[in-house]
Every structure is written in structure tokens, then in C-alpha cells.
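Because the structure is a prediction, the values reported are computed rather than measured. Starting from 1, each residue takes its place in the sequence as its number.
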Amino acid sequence: MKIAAHHQTLARHLETFRQTLHQHPELSNEEYETTARLRAALEEHDIRVLDLPLKTGLVAEIGGQQEGPLIALRSDIDALPIVEEADVPWKSLNTGVMHACGHDFHASAALGAAILLKAIEPQIKGRVRILFQPAEEVAKGAIDVLNSGALEGVQAIFGIHNDPTLPVGVLGTKAGALTAGVDRFGITITAKGSHAARPQAGNDPIIILGQLISIVQGIVSRRVAPNDSAVVSITHVESGSTWNVIPDTATLEGTVRTFSAETRALIEAELRRILDGLAHTYNAKLALDWQPGPPSVDNTAEWADVALEVGEREGFEARRVDASPIGEDFALYQQTIPGVFVMIGSGGPHALHHPAFRVDDRALFPTAHYLHTLALAALDRLAST
């Protein structure tokens, strides 16, 4: 996408900044250096940073010279515990940690939007808060930001995520569920071990484990409506330590992905019912450790329309995309604040969380400018209603 001549310097600055963040990734709740870099960049442009009780991450605010609404733009800043395989000059210098989800891109785009908004601050009718949120990868950062009071009075919130399945120059969103609710579960089966040659002397937990794996696969196919969508995946199974002993216990772990609160509750209830039935049938103990994650991102229809309209105005190809089974704690903001989450094409070729993942920097400044324009459009819309 073409960048105006007077924006070329900022575009190059943002690329350098993103590449620096990429070289110095930090894990969730450990983003001290990232926070310091962002604070310094904001202060260099006289952008005020709010005094909030956040250990890492920060919130900037622009506007307020004229009366008007209050909105928020959200980015995230944490990296993942992945050894980078991308062959780029700005490869991670922090061994075993990598920006494999593009949060360096998100934070840099939000910084660019802040700089663009600051340049026209006297003209802004209202205020824009820009969130540089920590700990998205562990689904804890949004809670910390909410608890800090950063979103008190915010009337609408907007977030982005790069999408390597979309080419540069394309953005997409939709009304309603855009990402999945994410839950994690662990199950422990406690029975009775014995010598493998005398199975009748015990109560084999591996037999129960096999039955459980088969039965669980029927939850989605037989209990979820065909016009709904859900995933139940068992990803980790463990039992025993040698070839000739039946163990006392077996364990498994997995994840559930859903797009509605009703289906989410149904699957948890079904899983508990199955465990109760197997416990009774096999005279064993089956304990469920259910760990709920963020719910589904649920975009407000009005703001989804605005996001797509602004995208087209900004020169993007704006698409209504299908929902994705990824998780995203932006959903926690939407439980109390209307808003929209937008997917930005980052060009691939590798998927999110892949060791060779990378973003195409050609998408960076257009995304920053898009966020700036989206913020202004949102303020205008709220002021007129």
C-alpha cells in the first residue's frame, strides 16, 4: 500500500521500532524492557502516559482539549516461549523467547496511531486511550488492565490482530463471534494398579482412559447442533512407567473451543456427566480440573460495519471473515464495553506461534494510519448519537 511522502519518515521509524521489539522479546508479565521502550517513545512525542497500577504495560491518552467521547485502542506486547527459526536480521536475541504472534507489530502500530493522533490533538473532540496490554498470551493482561481502572468511562474499544492467512492490504472482521472461547481441562483417573500378568487383581485406569477418549469425541458430533461449531481436543495422555505393571492412575489434558456461552456450558456439563458415568461403571475416581479462559470475541455489529467502512476508505480490501478458533482476551473488554476486533493481513507464510513466523513490515504503517482514522471515526460517530 502506498505511503504518502510526508509519512515516510514515521513509517521507517515504526519499522525500526518493531524490529527492535522483535529482537528483545519478553514473556507475559515480564515485559519490563518493552514497557520502558514504549514509554520512552511516547514521551519523546509528548504523549502522556496515565499513572496506573500496572506492573508491566501502560496506557497512553491523547485528546481532551475539546469535550467529547472517550474510546480506547488496544494492542498487546508479550512474546512466547519459542526458539525463533525465522531468518531475519532482527532475530530474537533472547534465546527461547520469540514474538511468534506479532505483538511487536501490534504495539508498533498502536504507537504509530498515537503519534499520528498527537499531531492533530487540538482538533480531537474527545479522548483516545491507547492500551499497550501485557500478558495476552496467558489471558491475564486484560483483567489487569480492567482492574487498573484504565477503561472507566470508555464508550467503545477497538483492537487488532495480524493474520498471516490474509495478504498485506486486506483486513477482515465480522459482527458477533470472531474468535473462540478457550477452556483447558485436565482429568485424573484414580483406580488400582496390579501386576500386568494379574489384571484381575486391580482396576486398570488405562482401560477407563481408552473409553474416555472415545466417548469424549462424541460430544461435538452428537450434542452440539449442526449449525453451531465447537472443538474438543485431547492433546496430552499419560499413564504408567514400565511394561509389566498396570498403574494406579492415568491423566489427560485438552482444550475446548466454542463460539457461544450456551455451547461452552453444554460441553463442560457433558464432560462432567461422562466422568460421573465412567466413575460409576468402573468403580474408579475421575476428577476434572476445568480452567476457563477468555470467552469468544463478540463484535458489536455497528462497530464491525464502521471498522470495515474505514478500512475501505484507508485503501484496504475489507472483508467479512469467518470466525477463528484462536483465543483472545480482548473478549474480556467486550463483556462491558461495545467494540470490534479486526484481523489485519500480515502476509504469512507461517502460522501464528510457528518458530519461523514473521510479519511483513509493509503492513505496519497502513495499520497505524488505519487505527488513527478508526479512532477519529468512532469519536465522530459517538458524538453524533
Side-chain angles (χ1 to χ4, degrees), residues 1 71-76 101-102 105-106 109-110 113 131 133 136 139 142 154-183 220 224-231 256-264 293-348 351-352 359 363 366-367 369-371 373-375 377-378 381-382 385:
M1 301 174 70
I71 67 157
L73 303 177
R74 181 271 205 163
S75 68
D76 40 19
C101 202
F105 176 90
H106 305 160
L131 316 182
Q133 180 204 300
E136 186 279 330
V154 169
Q155 295 166 258
I157 187 165
F158 306 89
I160 58 162
H161 203 294
N162 81 93
D163 187 343
T165 71
L166 297 176
V168 173
V170 174
L171 64 73
T173 192
K174 64 183 288 291
L178 181 67
T179 69
V182 177
D183 299 307
V220 173
V224 176
N227 60 349
D228 198 352
S229 180
V231 173
V256 174
R257 306 293 170 111
T258 52
F259 295 94
S260 72
E262 295 76 16
T263 302
R264 192 181 199 186
S296 176
V297 163
D298 188 11
N299 288 333
T300 307
E302 175 188 6
W303 291 122
D305 290 342
V306 170
L308 291 170
E309 290 167 7
V310 171
E312 290 179 353
R313 262 196 345 253
E314 287 287 293
F316 285 88
E317 178 187 332
R319 300 178 183 175
R320 295 189 185 273
V321 295
D322 294 330
S324 167
I326 66 170
E328 174 52 67
D329 74 355
F330 182 84
L332 297 173
Y333 300 127
Q334 292 179 308
Q335 291 182 316
T336 54
I337 305 168
V340 64
F341 198 63
V342 181
M343 311 305 288
I344 306 288
S346 57
L352 299 173
V359 296
T367 302
H369 201 275
Y370 168 73
L371 286 172
T373 307
L374 180 60
R381 193 175 190 91
L382 286 167
T385 58

Quick one: are [X] and [Y] in side-chain contact, heavy atoms under 4.5 Å?
X	Y	answer
Ile71	Leu382	yes
Leu371	Ile160	yes
Phe316	Val310	no
Pro164	Leu352	yes
Ser260	Asp228	yes
Pro295	Gln335	yes
Arg320	Leu308	yes

For the OG1 atom of Thr367 and the CD1 atom of Ile344, what is their distance to the nearest 0.5 Å?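 That separation rounds to 4.5 Å.
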
What distance separates Asp329 CG from Glu136 CD, expressed to the nearest 0.5 Å?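 With rounding to 0.5 Å, CG (Asp329) is 5.0 Å from CD (Glu136).
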
What are the two closest non-hydrogen atoms of [X] and [Y], and how far apart are they?
X	Y	result
Arg313	Thr373	NH2-CG2, 3.9 Å
Ser296	Thr258	CB-O, 4.2 Å
Ala304	Val340	CA-CG2, 3.7 Å
Glu314	Tyr370	OE1-N, 3.6 Å
Gln334	Asp298	OE1-N, 2.9 Å
Val168	Ser346	CG2-C, 4.0 Å

Side chains of Asp163 and Thr165: is there a donor and an acceptor less than 3.5 Å apart? yes

Side chain [X], main chain [Y], donor-acceptor under 3.5 Å:
X	Y	value
Arg257	Ala180	no
Asp76	His106	no
Ser75	Gly159	no

Checking side chain to side chain contact (heavy atoms under 4.5 Å, CB included) for the pair Phe259/Thr263: CA distance, chi angles, key distance, verdict? CA-CA 7 Å; Phe259 295 94; Thr263 302; over 6 Å; no

Please evaluate residues Arg264 and Val256 with respect to the criterion side chain to side chain contact (heavy atoms under 4.5 Å, CB included), reporting the C-alpha separation (whole Å), side-chain torsions for both, the decisive distance (0.1 Å), and the verdict. CA-CA 8 Å; Arg264 192 181 199 186; Val256 174; 5.9 Å; no

Scan for ring pair (Phe, Tyr, Trp, His ring centres under 6.0 Å) pairs involving residues 293-313, sequence neighbours excluded, and state none if there are none. Phe158-Trp303

Check against side chain to side chain contact (heavy atoms under 4.5 Å, CB included), Cys101 and His161: CA-CA 9 Å; Cys101 202; His161 203 294; 3.4 Å; yes

Side chain to side chain contact (heavy atoms under 4.5 Å, CB included) assessment of Met343 paired with Leu171: CA-CA 6 Å; Met343 311 305 288; Leu171 64 73; over 6 Å; no

Side-chain ion pair, Arg319 and Glu317, N-O less than 4.0 Å: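 Looking at Glu317 together with Arg319, the answer is yes, because their closest N to O distance falls below 4.0 Å.
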
Side-chain ion pair, Arg381 and Asp305, N-O less than 4.0 Å: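 Salt bridge between Arg381 and Asp305, a charged N being under 4.0 Å from a carboxylate O: no.
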
Scan residues 166-182 for pairs that pass side chain to side chain donor-acceptor pair (under 3.5 Å), counting only residues two or more places apart or in two chains.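 Sorted pair list: Thr173-Asn299.
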
